[in-house]
There are 2 protein chains.
Amino acid sequence: MAEDVFKALADPTRRRILDELVERDGQTLFEICARLVTKHGLGLSRQAISQHLAVLESAGLVVTRRQGRYKFHDLNTEPLERVMTRWLRPDGPESTP
Amino acid sequence: MAEDVFKALADPTRRRILDELVERDGQTLFEICARLVTKHGLGLSRQAISQHLAVLESAGLVVTRRQGRYKFHDLNTEPLERVMTRWLRPDGPESTP
DNA sequence: TTGATAGGCAAGTCATTGCTTGCCTATCGT
DNA sequence: ACGATAGGCAAGCAATGACTTGCCTATCAA
């Protein structure tokens, strides 16, 4: 639902996670944790990130594939594109001049 | 800030308000209240809507102009367009084929 | 000037949510 | 088999946020 997409985007940490996945797709939970700590100085527990990833996944923004004991997370921008044109009027400012 | 834009979009009532303003720009607080009640069945107090409008305004999504005792609210989609391309990869799905 | 209309301010309530802590399951390497 | 690694589940806490209630200011019409 669009509902979940907006709620998922409301948290800054979740947006950081999306930023990470844009830069490198298919990361595991522990990789994302390490990246957030080293690159952004975020000192969050593993569970916190895990819960954020669950929110992103149930919003459809992140897709996961399991492989052995690893769970890789991939970004999915398709829900974004469907939702973002909602308030762009036809006569509004040009999006692609 | 982009921060405020996402938080502003997180609430369903605020998104309804934006929907209302897309349909008809320059509404007053009372008009928006009436519209939300009649069209969407939302039974919210005037202050609730007023607070939502304040959030939208401080996010830059709504611009206001005062005229006598009336305060007209106009939609401003510019903050949206700056924020929405954040996770769209260059090699990702085509946004404008 | 008086009453009615349009809006603002502030405190208080109640639910949501982000985060932690503690424990448990599953897979891999040796 | 055993320990180590990758992840999951669930209860609890503290902070944020949405909404209400009550009162106050400002503009306009009569």
Side-chain angles (χ1 to χ4, degrees), chain A residues 1-21 24-38 40-59 61-74, chain B residues 1-21 24-38 40-59 61-74:
Chain A
M1 300 295 127
E3 178 73 19
D4 307 305
V5 175
F6 288 113
K7 282 203 170 175
L9 293 176
D11 187 82
T13 304
R14 284 197 285 270
R15 294 197 295 271
R16 289 284 164 88
I17 293 177
L18 293 183
D19 290 338
E20 263 316 307
L21 291 179
R24 191 214 274 195
D25 229 4
Q27 296 189 58
T28 70
L29 171 58
F30 277 40
E31 283 180 289
I32 296 172
C33 283
R35 291 274 198 119
L36 289 181
V37 171
T38 63
H40 301 279
L42 280 242
L44 289 178
S45 73
R46 177 179 58 88
Q47 277 74 5
I49 310 292
S50 178
Q51 285 163 13
H52 282 308
L53 285 171
V55 173
L56 289 170
E57 185 172 7
S58 78
L61 292 167
V62 162
V63 180
T64 61
R65 48 195 159 96
R66 251 230 137 94
Q67 190 171 337
R69 59 176 159 175
Y70 299 103
K71 188 179 180 184
F72 301 107
H73 300 79
D74 298 299
Chain B
M1 300 295 125
E3 178 73 17
D4 308 305
V5 175
F6 289 112
K7 283 203 171 175
L9 294 177
D11 188 83
T13 304
R14 284 196 286 271
R15 295 198 294 273
R16 289 283 164 89
I17 293 178
L18 293 183
D19 291 339
E20 261 318 307
L21 291 178
R24 191 214 275 196
D25 229 4
Q27 296 189 57
T28 70
L29 171 58
F30 276 41
E31 282 179 290
I32 296 172
C33 283
R35 291 273 197 121
L36 289 182
V37 171
T38 62
H40 302 280
L42 281 241
L44 289 177
S45 73
R46 178 180 56 88
Q47 276 74 6
I49 310 293
S50 179
Q51 286 162 12
H52 282 308
L53 284 172
V55 173
L56 290 169
E57 184 172 7
S58 77
L61 291 167
V62 162
V63 180
T64 61
R65 49 194 159 94
R66 250 227 137 96
Q67 191 171 335
R69 59 176 158 174
Y70 299 103
K71 188 178 179 184
F72 300 106
H73 300 79
D74 298 299

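Source: prediction; values computed, not measured. Numbers restart at 1 for each chain; the letters A, B, ... are given by sequence-line order, proteins then strands.
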> Would you check if A:Arg46 and A:Phe30 make a side-chain contact, meaning some heavy-atom pair closer than 4.5 Å?
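The answer is yes; the side chains approach within 4.5 Å.
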
> Whole angstrom is fine here: how far is it from CZ in B:Arg65 over to C1' in C:dA6?
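For the pair B:Arg65 CZ and C:dA6 C1', the rounded distance is 16 Å.
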
> How would you list, by chain and number, every residue that makes a salt bridge (charged side-chain N to carboxylate O under 4.0 Å, His left out) with A:Asp4, sequence neighbours excluded?
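Salt bridge (charged side-chain N to carboxylate O under 4.0 Å, His left out) check on A:Asp4 returns nothing, list empty.
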
> Round to a whole Å and report the spacing from CZ of B:Arg66 to P of D:dT27.
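It works out to 8 Å between those atoms.
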
> Within the side chain of B:Asp74, is there an N or O that forms a donor-acceptor pair under 3.5 Å with the backbone of B:Thr64?
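The answer is no, because no donor-acceptor pair under 3.5 Å joins these two groups.
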
> Is the shortest side-chain N/O distance from A:Ser50 to OP1 or OP2 of D:dG7 below 4.0 Å?
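So the side-chain polar atoms of A:Ser50 never come under 4.0 Å of the phosphate oxygens OP1 or OP2 of D:dG7.
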
> Looking only at the side chain of B:Ala48 (C-beta and beyond, no hydrogens), which of the listed nucleotides D:dC19, C:dT20, C:dG7 gets closest?
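Taking heavy atoms from C-beta onward, the closest nucleotide is D:dC19.
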
> Measuring to OP1 and OP2 of D:dT16, would you say a side-chain N or O of B:Lys7 lies under 4.0 angstrom away?
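So the side chain of B:Lys7 is outside the cut-off, no N or O lying under 4.0 Å from OP1 or OP2 of D:dT16.
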
> Roughly, in whole Å, what's the span from OH in B:Tyr70 to P in C:dG7?
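Rounding to the nearest Å, OH of B:Tyr70 and P of C:dG7 are 8 Å apart.
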
> Could you say whether B:Asp11 or A:Leu29 is positioned toward the 5' end of DNA chain D, judged by the nucleotide with the nearest heavy atom to each?
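Looking at DNA chain D, the more 5' nearest nucleotide goes with A:Leu29.
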
> Figure out the CD1/P separation between B:Ile49 and D:dG17, and round it to whole Å.
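Whole-Å distance recorded here is 18 Å.
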
> Rounded to the Å, how far apart are B:Arg16 CZ and D:dA18 C1'?
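Taking atom C1' of D:dA18 as the reference, CZ of B:Arg16 is at 16 Å.
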
> Under the 3.5 Å rule, do the base of D:dT20 and the side chain of B:Gln51 count as making a donor-acceptor pair?
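Present.
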
> Quick one: is A:Arg14 getting a side-chain N or O under 4.0 Å of the C:dG18 phosphate, OP1 or OP2?
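So the side chain of A:Arg14 is within the cut-off, an N or O lying under 4.0 Å from OP1 or OP2 of C:dG18.
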
> Is there a donor-acceptor pair under 3.5 Å between the side chain of B:His73 and the backbone N or O of B:Gln27?
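The answer is yes, because a donor-acceptor pair under 3.5 Å joins these two groups.
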
> Could you check which of C:dT21, D:dA6, D:dC19 has an atom nearest any side-chain atom of A:Ser45?
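My answer, after comparing the listed nucleotides, is C:dT21.
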
> Given D:dA6, D:dC19, C:dG18, which nucleotide is nearest the side-chain atoms of A:Phe30?
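Of D:dA6, D:dC19, C:dG18, D:dA6 is nearest to the side chain of A:Phe30.
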
> Is the shortest side-chain N/O distance from B:Lys71 to OP1 or OP2 of D:dA26 below 4.0 Å?
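Checking B:Lys71 against D:dA26: no side-chain N or O falls below 4.0 Å of OP1 or OP2.
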
> How about A:Ile17 and A:Leu56: do any of their side-chain heavy atoms sit closer than 4.5 Å?
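Yes, their side chains come closer than 4.5 Å.
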
> So A:Arg24 and A:Arg35, do their side chains get closer than 4.5 Å, heavy atoms only?
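SC-SC contact between A:Arg35 and A:Arg24 confirmed.
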
> Counting side-chain heavy atoms from C-beta on, which of D:dA10, C:dC9, C:dG7 comes nearest to A:Gln47?
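Between D:dA10, C:dC9, C:dG7, the one nearest the side chain of A:Gln47 would be D:dA10.
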
> Start at the 5' end of DNA chain C and walk down; is the nucleotide closest to B:Thr28 or to A:Gln67 reached first?
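Its nearest nucleotide lies further toward 5', so the answer is B:Thr28.
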
> Specify the separation, in whole Å, of atom CD of A:Gln27 and atom C1' of D:dA6.
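Roughly 15 Å, once rounded to whole Å.
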
> Can you tell me how far P of D:dG17 sits from CG of B:Leu56, to the nearest Å?
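To the nearest whole Å, that distance equals 14 Å.
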
> Tell me whether the OP1 or OP2 atom of D:dG17 has a side-chain N or O from B:His52 closer than 4.0 Å.
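Negative; the distance criterion is not met.
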
> Would you mind telling me which of D:dT27, D:dT21, D:dG7 lies closest to the side-chain atoms of B:Arg69?
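The listed nucleotide nearest to B:Arg69's side chain is D:dT27.
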
> Does A:Arg46 make a side-chain donor-acceptor contact with the base of D:dG8, cut-off 3.5 Å?
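Donor-acceptor pair under 3.5 Å: yes.
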
> Please give, in whole Å, the distance from D:dG7 P to A:Leu53 CG?
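The answer, rounded to whole Å, is 10 Å.
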
